[in-house]
Amino acid sequence: MEEEKKLSKIEHIKRESRFLRGSIQEALEDGSSHFSEENIQVLKFHGTYQQDDRDLRKQLTKEGKERHYMMMIRARIPGGVLNADQYLQFDRLSDEYGNGTMRITTRQTFQLHGVLKGNLKATIRAINDVLITTLGGCGDQVRNTVGCAFPHEGPFYDAVRRDILALVDSVSAKTHAYHEIWLDGERVDPEVDRQQETLYGETYLPRKFKIAFAYEGDNCADIYSNDIGLIAHRDGDQVAGYTLVIGGGMGRTASDKQTAPHLAKPFCFVTPDKLIDVCRAVISIQRDYGNRENRKFARMKYLVLERGIPWFREEAERRLGYALEDPRELVWHSADDHLGEIVQGDKVHLGLFIDNGRIADKPGMALKSVLREIMMAYRPGVRLTTQQNLILTDLTREQAAEVATKLEEAGVKLASSYTPVKVRSMACPALPTCGLAIAESERALPGVVADLEKALEELGLQDEPITVRMTGCANGCARPYIAEIGFVGRVIGKYDILLGANVVGTRTNRVYREMVPLSELVPTLYPLLQAYRDERQPGEAFGDYCERVGIEQLQDRFVPVS
């Protein structure tokens, strides 16, 4: 009983939810504008968060009114692969039930914002109508599994895609609650779920769990920021196997120095036939040993840090009943997104830069409208990327030229028209929708990047491909901790500046300055950029320069003594 009391509140909610049912069904019919705290936690497993418009909070409170509650819905789209009909369904739903925009996330999927509670079921059901689910979009389970978005072709890549889908199916929740609630499926006794939910059990995982795939050499999916990273090795047209890295995660709590982002560590090599079993073993270890008392330390990265890779491997081997092979050495060449024109034989693919992943119409740029027109006219395939961009696939040369013209006429610039720092910038949504945001991010970063572009041009560094990422809190949804320049919101209008990650995503950055006002971010960086220009070695990237010189030395040189 004493041990039970130590469990976090959310652990009790999960256990009492009857395999993710809660009282959601009843709440959908009660006529209120929002859900209870218990149902809010269970709803996350179904792919939806309750939010409110934080821009309106103060005024509504002053008027004695309740908050303007609304739902964010996040789909599960393995590898970010969509067809035109599926894209158009999200486009339609965003207008019919949402706030008129679609948000590409860092996990290669779509979020719809602004959906009212009364429209929640209709929206989720319509997403399922085009064979996409929201189950697993959020919650303490395996989230959307991501991978390289480059539209590769050939037997090797087809085999990797099959492995991705097979793993997704194996690690997805098996509860019937989702179909009962959203799709009017037949009601099932929760005891049936108990027998089928063999991986998760009734309390699922201690915290969210992320899996990513990559092809060796190309780290566009930021493999090391995931709980499990899977790097495919090629043997001719076959998949020789995968190197697993485990224990990555970006989140931290700014006020708690024991929390920190961590990169995944090499774990083992597996052949394709053992891939699912090994991944399930790793997940089950986190299920059984992960911290269920304090959610700040519940991600698997802390278990790996506490127990170590040798213990983790020994425990996995015990569960599997066989020894694991050592991981292979990995070499990375790039972590850039796949933007611009990609020609493959008779096919042309167009990688479009989407500013902070937001697909919307705004004055001078009818992005949402022109993409809808392109989808309807040309029926391209779609690849969402982990850097919040979009690739239109399988166009003919003639179609690609016509699409480029339509984009230009709509005010949408091709990726080649942006500066290198712009196409490598990324922000989380933050205010006004995210309940965790402390500072602006998506609405602030474009202005910061514009100022940074001016500074770089003044310094003759306009062609330098520097990675810049911003988040509105320390949770790190836009992966700021593996950016050469990371801005992390601490309070309204103030940010920590982190420096020193590398361009291929295999090194975290470190705090350079704390609590810097938004207007001072670029002026604070200016002397460092000037020093980089004057002191860099041939071919040295900005993050590598900061690491070589040392953050402490840069602080001694450029941070005023207070």
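Atoms considered below: every heavy atom in the structure, side chains included; atoms not considered: hydrogens, waters and symmetry mates.
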Original post:
Is Glu202 paired with Arg15 through a side-chain N to carboxylate O contact shorter than 4.0 Å?
Top reply: yes

**OP:** May I ask you to decide whether Lys210 forms a salt bridge with Asp222, counting only side-chain N to carboxylate O separations under 4.0 Å?
**Re:** no

**OP:** Give a yes or no on whether a salt bridge exists between Arg103 and Glu442, defined as a side-chain N under 4.0 angstrom from a carboxylate O.
**Re:** yes

**OP:** List the steps, then state whether ring-ring contact (aromatic ring centres under 6.0 Å, His included) holds for Tyr302 with Phe297.
**Re:** CA-CA 6 Å; Tyr302 295 111; Phe297 298 97; 5.2 Å; yes

Original post:
So, Asp184 and Lys121, do they make that salt bridge, N to O below 4.0 Å?
Top reply: yes

**OP:** Would you verify whether the NZ or CZ of Lys14 falls within 45 degrees of the ring axis of Tyr200 while also being under 6.0 Å from that six-membered ring's centre?
**Re:** no

**OP:** Output yes when Arg313 and Glu317 qualify as a salt bridge under the 4.0 Å nitrogen-oxygen rule, no when they do not.
**Re:** yes

Subject >> Lys NZ or Arg CZ of Lys117 over Phe35 ring: under 6.0 Å, within 45° >> reply: yes

**OP:** Mind jotting down which residue pairs meet the ring-ring contact (aromatic ring centres under 6.0 Å, His included) criterion with at least one end in residues 273-292? Sequence neighbours excluded, please.
**Re:** Tyr289-Trp311

Subject >> Atom pair NE2/CD1 of His46 and Ile73 - distance to nearest 0.5 Å >> reply: 13.0 Å

Subject >> Pair Tyr215 and Tyr157, ring centroids less than 6.0 Å apart >> reply: yes

Original post:
Looking at CD of Gln141 and CD of Glu197, how far apart are the two atoms once the value is rounded to the nearest 0.5 Å?
Top reply: 8.5 Å

Original post:
Which pair of heavy atoms, one from His338 and one from Ile391, lies closest together, and at what distance?
Top reply: O-CD1, 3.6 Å

**OP:** With sequence neighbours excluded, tell me which residues meet side-chain hydrogen bond (donor to acceptor under 3.5 Å, both in side chains) with Thr134.
**Re:** Tyr178

**OP:** Return yes when atom CD of Glu314 has more than 12 non-hydrogen atoms of other residues, nucleotides or ligands closer than 6.0 Å, and no otherwise.
**Re:** no

**OP:** Might you work through the side-chain hydrogen bond (donor to acceptor under 3.5 Å, both in side chains) test for Asn502 and Thr506, ending with a clear yes or no?
**Re:** CA-CA 7 Å; Asn502 61 14; Thr506 60; 2.7 Å; yes

Original post:
Under 4.0 Å between a Lys/Arg side-chain N and an Asp/Glu carboxylate O for Arg295 and Asp140?
Top reply: yes

